[in-house]
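Note that these values count all heavy atoms, side chains included, but never hydrogens, waters or copies made by symmetry.
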Amino acid sequence: MKVHVEVKPKSGVLDPQGNAVLEAMRHFGLEARNCRVGKIIEFEIADGTIRREEIENKLHEVSRDLLSNPVIEDYKLQIEG
Amino acid sequence: MKVHVEVKPKSGVLDPQGNAVLEAMRHFGLEARNCRVGKIIEFEIADGTIRREEIENKLHEVSRDLLSNPVIEDYKLQIEG
Amino acid sequence: MQVGYRSIARLAVVQFPGSNCDMDCVWAINSLLGLKAKLVWHKETKLSDFDGVVLPGGFSYGDYLRPGAIARFSPIMDAVRDFAEEGKPVLGICNGFQILCEAGLLPGALVRNRSLRFVCDRVWLKVENKKTIFTSRFGEVDVIRLPIAHGDGCYYADEATLGQLEKEGRVVFRYVNRDGVADVASNPNGSCNNIAGILNEKGNVLGLMPHPERAVFENLGLTYGRLIFNSIVDYFLSDEYRWS
Amino acid sequence: MELGLEREQKEPKVTPEVVTRHGLTLEEYELICKILGREPNFTELGVFSVMWSEHCSYKNSKAELRKFPTGGKHVLVRAGDENAGVVDVGNGWAVAFKVESHNHPSAVEPFQGAATGVGGIIRDIFTMGARPVFLLNSLRFGPIEGDSEVARNNRRLFAGVVAGISHYGNCIGLPTIGGEVYFDESYNGNPLVNVFCLGILRHEQIAKGAAKGEGNPVFYVGSETGRDGLAGAAFASRELTEESKQDRPAVQVGDPFREKLLMEACLELLASGCVAGIQDMGAAGLTCSTCETASRGNSGVEIELALVPQREVGMTPYEILLSESQERMLVIVHKGQEEKVKQIFEKWDLPYAQIGKVTSDGFMRVLQNGRTVVEIPARALAEDAPVYYREAAKLRPPEPLGIEEIPEVEPHDALLALLSDPSIASKQWVWRQYDHEIRIGSLLLPGSDAAVFLDRESNIVLAASSDCNSTYCRLDPRAGARIAVAESFRNLACTGAVPIGVTDNLNFGNPYKPENFAQLREAIEGIAEVCEFFGVPVTGGNVSLYNESPSGPIDPTPTICSVGRIESEFHIMPAYFSDPGDAIYLLGNILDRKCPSHGFGGSHYLKRLFGQKRGTPPRLDLEAERRLYLLLEELASIRCLNSAHDCSEGGLAVALAEAWLLMPEEVRCGVHISLPDIAPPHILLFNEGQTRVIVSVPKDKEKYVLFKAEEIGVPALKLGHLLPEDDHLSISIGSRIWKWKRQELQSAYFDTIPNLMER
Ligand SMILES: Nc1ncnc2c1ncn2[C@@H]1O[C@H](COP(=O)(O)OP(=O)(O)O)[C@@H](O)[C@H]1O
Ligand SMILES: [Mg+2]
């Protein structure tokens with residue numbers, strides 16, 4: 001089972017990286033806006049050991065408590081297979 | 001036009017963050033493997049100023065030269081709208 | 001002392017937004033005989049007044065995206081490239097090393113420390129090649145100690161590149177223990193082959209993670225950094241440089 | 001007068017309930033109405049609520065803070081007059097320094113909370129026109145040992161806070177060269193994060209946070225305003241509860257890169273002579289900076305919100321005015337210099353805007369698209385917050401301990417247990433994450449008694465130390481506070497420095513509880529007394545009240561940061577032994593027979609080994625303390641000592657072990673001392689009697705040291721020697737001898753924190 005977690009700064013929260021990237025893209029002659037930089041975390045889990053539902057709960061827990069910082073970030077969890 | 005760039009460490013390149021995540025997930029009772037941590041960069045571009053094709057070229061250029069480092073990373077570019 | 005028509009060799013210390021060891025480099029270099037450092041703002045486009053260039057440490061552009069990723073597009077970098085091409089000395093320290101790699105002036109890349117933590121310490125290094133314009137003064141000195149301070153100092157390159165660097169003697173500094181042995185315990189960041197500093201093919205561009213400018217003043221307890229800067233002075237005095 | 005009634009977004013009505021929710025009392029509301037001569041609108045109410053919060057107005061502590069000695073011939077800017085005090089250090093140079101807390105934000109989001117705390121204090125310093133040169137940090141967390149949920153959370157907070165400080169300080173390029181970290185139950189759920197910054201400037205560079213000169217333009221420079229950190233000042237002035245988690249918007253994200261640019265731009269700007277006044281936007285953001293500059297300048301300020309750079313759309317005046325977005329400054333510019341100013345901002349790629357002008361009518365007036373939304377007399381807002389004289393309970397004096405109440409533990413094990421107490425163990429794990437060598441001036445690396453720094457620009461050598469033993473303060477706040485100041489000065493003296501100023505961070509519980517208020521008052525009086533005694537001014541500080549978690553208030557923690565001057569770099573002494581030929585002496589009494597608890601009240605010995613916080617804190621004799629400083633100063637100036645380390649937590653044995661363990665590898669050797677058999681070993685070794693320093697003396701200087709000690713009146717006792725061909729610490733008392741291998745002490749001292757944190 002493949003897991004894919006996207007973690008992005010909450011809207012309204014300052015994203016200093018995003019600002020810097022916008023600046024830099026200007027060097028390329030690209031005028032962009034609303035740039036946000038987030039993380040993706042991908043990993044695999046061996047199937048069959050625990051029930052699907054249980055795993056999903058665990059994955060949400062991990063995404064919220066470990067992979068993201070709920071105070072300033074949102075996460076999106078995708079499970080394949 | 002919404003742009004979405006995923007940047008991930010090349011396979012073979014050590015990813016200490018990925019390893020740390022695996023380690024930490026174990027404390028949550030989750031046995032995972034092959035964890036890789038990458039970045040997503042999202043931004044918007046005002047339409048209409050330049051031709052679509054030209055923009056795409058530019059976006060590839062930016063993704064390759066600025067948003068990722070080809071020595072250690074691969075990128076994936078998605079354009080919406 | 002005579003360097004070309006000048007009495008003193010002039011080093012440009014490039015100031016990117018977020019550079020923060022720029023003044024340290026200026027203070028350190030200006031305390032030494034035969035060198036004079038001057039700050040150069042990154043929006044400048046010419047380096048013709050200078051004999052050598054230093055890219056100092058710091059967090060250019062906040063290290064956003066990757067260290068050095070944005071700075072490499074600064075206007076001054078074209079001049080730095082030309083400068084390197086002409087065979088003049090370019091020294092990249094810490095963030096400067098990262099910028100040189102990002103700019104393709106040095107091979108490989110610097111990634112997150114394996115510990116995922118910033119590390120500030122004093123480390124032992126082996127001077128692996130003393131026949132460079134940056135290390136000619138080391139003489140009998142094999143193992144030295146310099147300060148490091150970085151979060152992304154893990155040197156990475158593919159096998160082929162590493163092989164080539166090793167074969168061509170372009171690994172100039174290596175993390176070792178105090179007895180000069182490169183082991184895992186003495187590698188502060190997980191660098192491939194314990195690499196701390198490398199040279200370009202031509203031998204005039206050096207990038208290193210440790211901070212020689214922090215080891216110039218006696219009262220800080222370490223002075224090995226002087227040897228690097230003094231080697232550069234020697235190079236400017238050499239026939240090789242004068243007739244080049 | 002009609003205020004912004006036709007605005008698109010209708011504001012909530014001001015009801016008694018809304019007033020209370022803003023943390024204002026109904027009496028305070030009445031006072032506001034009196035000041036305005038009418039009822040405030042919602043935005044104005046918000047403005048008053050942040051300015052009259054404890055964090056900005058010090059309404060509960062002001063009357064007490066007046067007890068501090070703040071003057072002196074070296075004080076150029078006094079506490080409270082500006083963003084930070086300024087003290088002369090000679091040759092036309094001066095230093096500006098201050099400490100600031102970010103406790104509540106760090107409890108909610110440790111990384112960003114601590115990071116923005118660092119950002120805030122740095123702005124306070126460069127606002128004064130000073131170039132920041134170094135940082136200290138004083139941290140407290142709940143215990144980090146064990147596998148409980150609580151311990152795990154404490155480790156998470158500890159790791160996050162250290163990472164946050166490291167992130168911000170390293171990126172901006174300031175060395176973090178000292179500090180302290182303690183772990184204690186009372187900080188469970190309410191960690192303390194106090195950060196200190198020192199900057200250096202020429203006398204003529206002192207910048208004022210005053211809006212002067214009618215018609216002078218007012219500039220906004222720095223990050224765009226967002227909804228983050230809304231009303232953080234009010235947040236800091238409340239107790240932390242479960243609901244605090246819902247206060248998450250109060251958390252701000254810092255951008256050290258922006259701050260670095262802002263710092264460079266402001267220093268360049270100040271040097272250009274274009275600036276009439278400057279003020280950072282810290283707590284209470286745009287509100288605070290406008291009304292305070294107007295109030296200090298005896299003028300008014302008028303700004304237009306539509307011109308303020310904004311990160312989000314549709315922000316209300318309330319939100320813009322109360323936002324605590326980081327990395328922003330307000331600059332008042334001499335008329336006619338606008339172009340020069342713009343050029344500097346552009347050079348540094350900073351967002352900026354001219355948002356208003358200085359007026360002469362004394363009002364803070366805020367417009368939105370030309371319509372007045374706020375109109376308040378600036379002075380009343382900034383200065384006329386009510387001052388409260390809170391009720392103080394009568395504190396119960398601590399019960400003295402008898403010597404028979406101090407259980408005996410085998411010294412060998414006791415020393416190991418103490419060295420592996422996370423509060424005593426080496427904090428190397430912490431400072432390795434801080435760049436402590438940048439600006440190439442750290443003449444003593446972290447791990448010494450005080451940080452010692454040479455500023456390369458002015459060639460001035462400074463020392464700084466932060467201290468507070470909160471267990472002492474809990475038992476007796478006055479005694480604890482006195483010791484905090486004395487320990488801090490003693491730490492300075494151990495490096496060869498003479499104190500020139502103090503900044504304090506008063507971390508206490510809710511002042512409305514008479515017991516907490518009594519602690520605050522006692523501590524303030526204790527600090528004042530010692531500073532007065534030594535003629536050292538308090539040049540500023542910070543008050544953080546409401547440090548409580550569901551289980552009660554924290555132990556009172558008046559953190560003292562003192563700054564000292566060292567005449568010459570050749571006078572500097574490290575804490576560690578450095579020459580295998582040296583003799584070891586104790587300056588001060590081996591046992592304080594006059595102290596009812598023999599220096600065991602509140603000791604780490606009782607706390608670590610028996611889980612007890614009781615007894616009377618050690619006695620502090622200020623006259624003896626003064627003599628000790630004099631002796632150290634004298635001996636340092638003629639280089640008679642190779643090291644000096646003060647005895648604090650864990651007493652003589654711990655201080656000795658530290659001085660030995662910290663020896664540089666290349667000179668390592670053994671040490672042997674013998675103590676007079678005048679009390680049981682544990683009493684001799686672990687009492688925390690004050691005014692004691694362990695020094696190492698070159699053989700040929702011993703006579704002179706003894707002569708000087710005698711002359712000045714400091715007891716000096718030869719304890720023993722360093723042993724060249726050895727690698728043990730050994731202590732003998734009478735016929736008994738205890739021996740420790742380097743390895744066992746070393747791993748207790750250096751590995752404890754990494755082992756706890758890296759698993
Ligand atoms: N958070 C920290 N950051 C940097 N240095 C620290 C920190 N905590 C402790 N230190 C350093 O560790 C040493 C010992 O600190 P501490 O135990 O408080 O000593 P003392 O009791 O002598 O005041 C000091 O040099 C201090 O500056
Ligand atoms: Mg201390």
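- Relative orientation of the D:F345 and D:Y352 rings is tilted, given thresholds of 30° and 60° on the angle between their planes.
- The backbone N or O of C:I70 lies less than 3.5 Å from no partner atom in the side chain of C:S60, so there is not a single donor-acceptor pair.
- Within the 4.5 Å cutoff, side-chain heavy atoms of C:P17 are placed close to those of D:F257.
- The candidate from D:K347, D:E569, D:H167, D:E758 with the greatest count of non-hydrogen atom pairs under 4.5 Å with chain C is D:K347.
- Contacts of D:S442 with chain C are made by backbone atoms alone, with heavy-atom separations under 4.5 Å and no side-chain atom involved.
- D:S426 contributes no side-chain N or O that, together with a main-chain N or O of D:F750, makes up a donor-acceptor pair within less than 3.5 Å.
- For the set D:I572, D:D255, D:L174, the entry with the most heavy-atom pairs within less than 4.5 Å of chain C is D:D255.
- Comparing C:F59, C:Y61, C:Y64 by heavy-atom pairs within less than 4.5 Å of chain D, the highest count is held by C:F59.
- Neither the backbone nor the side chain of C:S115 comes within less than 4.5 Å of any heavy atom of chain D.
- No side-chain N or O of C:R66 forms a donor-acceptor pair with one of C:Q98 less than 3.5 Å apart.
- There is no side-chain donor-acceptor pair under 3.5 Å between C:S231 and C:D234.
- Ranked by non-hydrogen atom pairs under 4.5 Å with chain C, the options D:R258, D:E264, D:R439 are led by D:R439.
- When each of D:Q428, D:E665, D:E457 is checked for heavy-atom pairs under 4.5 Å with chain C, D:E665 comes out on top.
- For D:L444, no part sits under 4.5 Å from any heavy atom of chain C, backbone or side chain.
- Comment: C:K130 engages C:D142 in a salt bridge, judged by a side-chain N to carboxylate O separation of less than 4.0 angstrom.
- The parts of D:I438 that come within reach of chain C are both its backbone and its side chain, each placing non-hydrogen atoms under 4.5 angstrom from that chain.
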| message | Applying side-chain contact (heavy atoms from CB on, under 4.5 Å) to C:R145 and C:V123, what does each step give before you reach the verdict? | response | CA-CA 5 Å; C:R145 199 162 187 217; C:V123 297; over 6 Å; no
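- Of the listed residues C:R178, C:R122, C:K43, C:R117, the one with more heavy-atom pairs under 4.5 angstrom with chain D than any other is C:R117.
- When each of C:L220, C:V216, C:V119 is scored by its heavy-atom pairs under 4.5 Å with chain D, the top score falls to C:L220.
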